[in-house]
Protein chains: 2
Amino acid sequence: MLLVEDDRVLADLLVWHFEREQFVIRQTGDGDEALLLAEEFAPDIVLLDWMIDGVSGIEVCRRLRRSPATANVPIIMLTARGEESDRVRGLETGADDYLTKPFSPRELIARVGAVLRRVRPALAGEALRYADVEMDVVAHKVRRGGKAVPLGPTEFRLLRHLLEHPGRVFSRERLLDAVWAHDAEIELRTVDVHVRRLRKALNEGGRGDLIRTVRSAGYALDANAD
Amino acid sequence: MLLVEDDRVLADLLVWHFEREQFVIRQTGDGDEALLLAEEFAPDIVLLDWMIDGVSGIEVCRRLRRSPATANVPIIMLTARGEESDRVRGLETGADDYLTKPFSPRELIARVGAVLRRVRPALAGEALRYADVEMDVVAHKVRRGGKAVPLGPTEFRLLRHLLEHPGRVFSRERLLDAVWAHDAEIELRTVDVHVRRLRKALNEGGRGDLIRTVRSAGYALDANAD
DNA sequence: TGAAGCTGTAACAGCCGTGTCGCAAAGCGG
DNA sequence: CCGCTTTGCGACACGGCTGTTACAGCTTCA
């Protein structure tokens with residue numbers, strides 16, 4: 001998420017609120033810098049004040065829409081300009097929503113939720129997270145620390161199941177039931193092999209193990225696995 | 001478009017405005033009837049008053065979201081309930097936008113435009129874009145990096161569908177449903193062949209592949225496909 | 001009516017994912 | 001320290017999935 005707002009007090013307030021909602025947020029009060037940050041960090045959504053230093057908010061909006069790299073980023077305009085003509089102009093320039101100051105953080109969060117639900121369903125509830133692992137179920141993608149992790153279908157389903165119940169220990173039997181076809185007659189030890197493959201893929205970047213082995217019980221997702 | 005509003009005067013005013021904007025609009029003031037109409041006419045967007053006869057607006061919203069046939073229809077709530085808690089509740093129930101009476105028809109039209117641009121860009125007269133690909137739906141033209149890409153009708157519809165949901169993985173069944181006639185009984189593998197033809201056409205200029213194959217799942221549009 | 005283009009299907013080759021095995025390594029209890 | 005149990009590891013063969021090509025039937029347009 002990228003917040004473009006030059007009012008320090010409001011900016012800090014919003015950053016605090018959104019970080020509490022698990023957003024990764026960057027902030028600037030300058031239009032030119034906003035464009036650079038948007039290119040570089042490919043935010044999931046942009047909150048944009050109209051009256052800022054450098055390039056104006058409406059112009060930032062226009063340029064974001066024009067650049068292929070950012071053309072699809074959702075934008076919520078966030079401004080004191082409450083005239084109907086301003087609102088219409090903002091929306092017609094390509095903003096997805098337009099909120100007039102003063103507004104409550106709660107409403108803004110709700111609107112961000114509504115827009116994200118529409119644009120990237122994965123980000124508004126269908127994304128599974130644990131520690132620095134992120135799974136986009138719809139796009140069928142997994143990232144750890146922002147870096148893509150290539151997984152086979154079975155490894156993907158296995159990780160998905162673990163992410164849906166983080167911390168919980170599953171016996172091999174339970175995992176076979178949950179991850180494999182329910183009528184599959186498969187050797188129990190096969191689970192070990194897939195856990196191993198999943199571990200290998202996840203730890204590729206030299207990071208710590210996320211899967212804890214519980215002797216004579218099974219496996220669990222656990223940030224302090226080692 | 002479906003308008004659910006029991007205030008006759010406001011309803012007539014809005015119908016007049018939207019018909020002038022080339023919308024095909026149906027109107028009712030009753031919640032139960034609204035649900036039936038939504039099923040039957042599959043509107044592109046729903047404008048929904050909170051306080052109506054029969055099932056309440058918020059409940060209509062919830063049920064539209066729950067039914068598979070209407071789960072993806074964009075909804076704008078349109079009501080006199082201006083309390084922040086009402087707005088948040090509306091948005092969290094699945095509404096895409098929330099407008100408090102009184103509002104100007106012009107702003108509503110702008111917001112309808114913003115939502116449609118997001119959900120069905122083709123309907124809002126917008127070009128579809130992803131990475132360096134640009135599709136003009138009306139003119140039936142596709143360009144990549146500014147250079148025209150010749151596509152057959154099926155390839156065009158296939159790409160269009162992918163562009164409308166970038167990043168998302170579609171199974172072959174889903175693609176057959178979305179891209180081919182809904183009653184077509186076609187071999188699943190046929191999708192592969194069309195994907196290949198589309199890939200070939202798009203990558204003619206020696207650019208990287210934009211379509212990601214997800215083994216045992218389907219295909220997705222993805223800038224980092226390889 | 002003829003040619004060109006588009007579409008759906010079948011066939012085949014190559015590759016990736018999967019399940020299993022044997023052995024090494026690590027816990028665990030005495 | 002020893003022996004037993006459980007888990008990790010590498011290798012391998014099989015099977016299924018996907019990419020690719022060729023071809024025949026069909027539509028479209030001149």
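Letters A, B, ... mirror the listed sequences (proteins, then strands); counts begin at 1.
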For the pair A/Met135 and A/Tyr130, evaluate side chain to side chain contact (heavy atoms under 4.5 Å, CB included) and give the outcome as yes or no after the intermediate values.
-> CA-CA 9 Å; A/Met135 169 179 285; A/Tyr130 182 78; over 6 Å; no
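Counting to the nearest Å, the P atom of C/dT20 and the CD atom of A/Glu185 are 10 Å from each other. The CG atom of B/Leu198 sits 14 Å away from the C1' atom of C/dC6 (whole-angstrom rounding). Taking atom CD1 of A/Ile186 as the reference point, atom P of C/dC21 lies 12 Å away to the nearest angstrom. The nearest whole Å value for the distance from the CG atom in B/Asp209 to the P atom in D/dT18 is 15 Å. Atom pair A/Lys200:NZ and D/dG10:C1' shows a separation of 9 Å (rounding to whole Å applied). Rounding to whole angstrom units, CZ of residue A/Arg215 and P of C/dA25 are separated by 16 Å. Between B/Leu188 atom CG and D/dC17 atom P there is a gap of 11 Å when expressed in whole angstrom units. Distance CG (B/Leu151) to P (C/dT7): 10 Å, rounded to an integer number of Å.
The base of C/dG8 lies close enough to the side chain of B/Arg197 for a donor and an acceptor atom to sit less than 3.5 Å apart. A/Arg196 contributes no side-chain N or O that forms a donor-acceptor pair with the base of D/dG8 under 3.5 Å. The base of D/dG8 sits within donor-acceptor range of the side chain of A/Arg189, with an N or O pair under 3.5 Å. For D/dG8, its base never sits under 3.5 Å from the side chain of A/Arg199 at any donor and acceptor pair.
Here the side chain of B/His194 is nearest to one of D/dT7, C/dG8, C/dT9, namely C/dG8. Of the candidate nucleotides C/dC6, C/dG19, D/dT7, D/dT7 has the atom nearest to the side chain of A/Arg172. Distance from the side chain of B/Asp192 is smallest to D/dT18 among C/dT18, C/dG8, D/dT18. Of the candidates D/dT18, C/dT20, C/dT9, the closest approach to any side-chain atom of A/Glu187 belongs to C/dT20.
Residue A/Ser216 is in sugar-phosphate contact alone, with no base atom involved, counting any heavy-atom pair closer than 4.0 Å across all strands shown. Using a 4.0 Å heavy-atom cutoff across all strands shown, B/Thr190 reaches at least one base atom of the nucleic acid. At the heavy-atom level, A/Tyr219 lies under 4.0 Å from the strands shown only through sugar-phosphate atoms. B/Val193 comes within 4.0 angstrom of a base, heavy atoms only.
In terms of heavy-atom proximity, B/Ala114 sits nearest to A/Ala95 at CB-O, 3.7 Å.
Residue A/Thr213 places no side-chain N or O under 4.0 Å from the OP1 or OP2 atom of D/dT7. Between C/dG8 and B/Trp180, a contact under 4.0 Å exists linking OP1 or OP2 to a side-chain N or O. Within the 4.0 Å cut-off from OP1 or OP2 of C/dT7, at least one side-chain nitrogen or oxygen of B/Thr154 is found.
Rounded to the nearest 0.5 Å, atoms CZ (A/Arg65) and CD1 (A/Ile75) are 4.0 Å apart.
Checking each of B/Ile76, B/Ile25, B/Leu3 against B/Ile45 for a side chain to side chain contact (heavy atoms under 4.5 Å, CB included) leaves exactly one that passes, namely B/Ile76.
Residue B/Asp177 qualifies as enclosed at atom CG: its count of foreign heavy atoms under 6.0 Å is above 12.
In this model, a donor atom of one side chain and an acceptor atom of the other lie less than 3.5 Å apart for B/Arg199 and B/Thr213.
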